[in-house]
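Quick notes on the structure that follows.
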Amino acid sequence: MGHPVEHASREAAGAGLPPGQRLQRGWPVTHYGPVPKFRPERWEFRVFGATADSGAHIWNHEQFTALPYTTVVADLHCVTKFSMLGAEWGGVPARTVLELAPPAPDVTHVMVWAEYGFSSNLRLADFAAEHTLFATHKDGELLTAEHGFPVRLVVPHLYAWKGPKWVRGIEYMTADRRGFWEERGYHNIGDPWREQRYSYQEGPGDGPEL
Ligand SMILES: Nc1nc2c(c(=O)[nH]1)N[C@H]1C(S)=C(S)[C@@H](COP(=O)(O)O)O[C@H]1N2
Ligand SMILES: [Mo]
């Protein structure tokens, strides 16, 4: 796939292990449900909800993989307490998606949608963070099916459930709404440095009522 390479970034890793985490060697596979089969002719990446022009923006697989490509070295912290450090992810920056398919001015949150209706909600600022990436590659190789091929989100500064594998689109929202794990007992924000693991730890303003 012929991406134009922009730049490599090395600032989303190297801070060590967040509290309560342990180092994992190798790369385990962690998710709920089956691994979806990729059907390129049916696949599309859809930006919808409160877009600036109020229409949906859709890229097919060929178009999506032709968007500007960059790399980010980032750590992955699973809320079940293992962390994988220093992977090099390659893909399309979330900021690029925000530029090409801009949200309306009153958008505050983004729902990231994946196959089988899996979802995760992010504050717009977390989504727009410099290192948030729609990854297609890890360590120079295409993602494998079980790790999210063709596209997964990587949000280096949040727990890994905030990064859906098998992403199919994003929804711009003018109010917060909980995603799949956020409705099922996990923290609405999910900052590993503050050990925001479970929804019972949420303070006022951290998320919509359960
Ligand atoms: N679609 C989808 N994405 C998902 C999940 C899931 O259940 N479904 N689990 C998340 C969790 S909890 C973790 S720790 C990471 C694990 O990514 P890995 O299997 O590539 O290590 O994927 C995240 N993305
Ligand atoms: Mo996880």
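Atoms within each ligand, like the ligands themselves, are counted from 1 in listed order. Predicted, not measured: the structure shown is a model, and the values here were computed from it.
Clustering ILVMFWY residues whenever any of their side-chain heavy atoms sit less than 4.5 angstrom apart, transitively, puts Leu210 in a cluster other than the one holding Tyr198. Hydrophobic clustering, with ILVMFWY side chains joined whenever heavy atoms are under 4.5 angstrom apart, groups Val107 together with Val47.
Nearest to atom 18 (P) of ligand 1 by heavy atom, out of His147, His77, Glu115, Gln24, is His147. When the heavy atoms of His31, Arg152, Glu146 are ranked by distance to atom 22 (O) of ligand 1, first place goes to Arg152. In the candidate list Trp161, Phe118, Trp27, Phe118 is nearest to atom 5 (C) of ligand 1, counting heavy atoms. Evaluated by nearest non-hydrogen atom to atom 21 (O) of ligand 1, the leading choice among Gly163, Gly117, Pro28 is Pro28.
Atom numbering of ligand 1 starts at 1 in the shown order; those under 4.0 Å from a heavy atom of Val29 are 19 (O). Distances below 4.0 Å separate heavy atoms of Trp166 from the following atoms of ligand 1: 1 (N), 2 (C).
Using bins of under 30°, 30° to 60° and over 60° for the plane-to-plane angle, the ring pair Phe45/Trp43 lands in the tilted bin.
Ligand 1 lies nowhere less than 4.0 angstrom from a heavy atom belonging to Met84. Residue contacts with ligand 1 do not include Gly148, since none of its heavy atoms lies under 4.0 Å from the ligand.
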N/O donor to acceptor pairs below 3.5 angstrom from side-chain atoms of residues 29-38, sequence neighbours left out:
| unit_1 | atom_1 | unit_2 | atom_2 | d |
| --- | --- | --- | --- | --- |
| His31 | ND1 | Lys165 | NZ | 3.1 |
| His31 | NE2 | Gly33 | O | 3.2 |

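In this structure, Glu195 pairs ionically with Arg197, as a charged nitrogen and a carboxylate oxygen lie closer than 4.0 Å.
The distance from the CZ atom of Phe149 to the CH2 atom of Trp166 is 13.0 Å, given to the nearest 0.5 Å.
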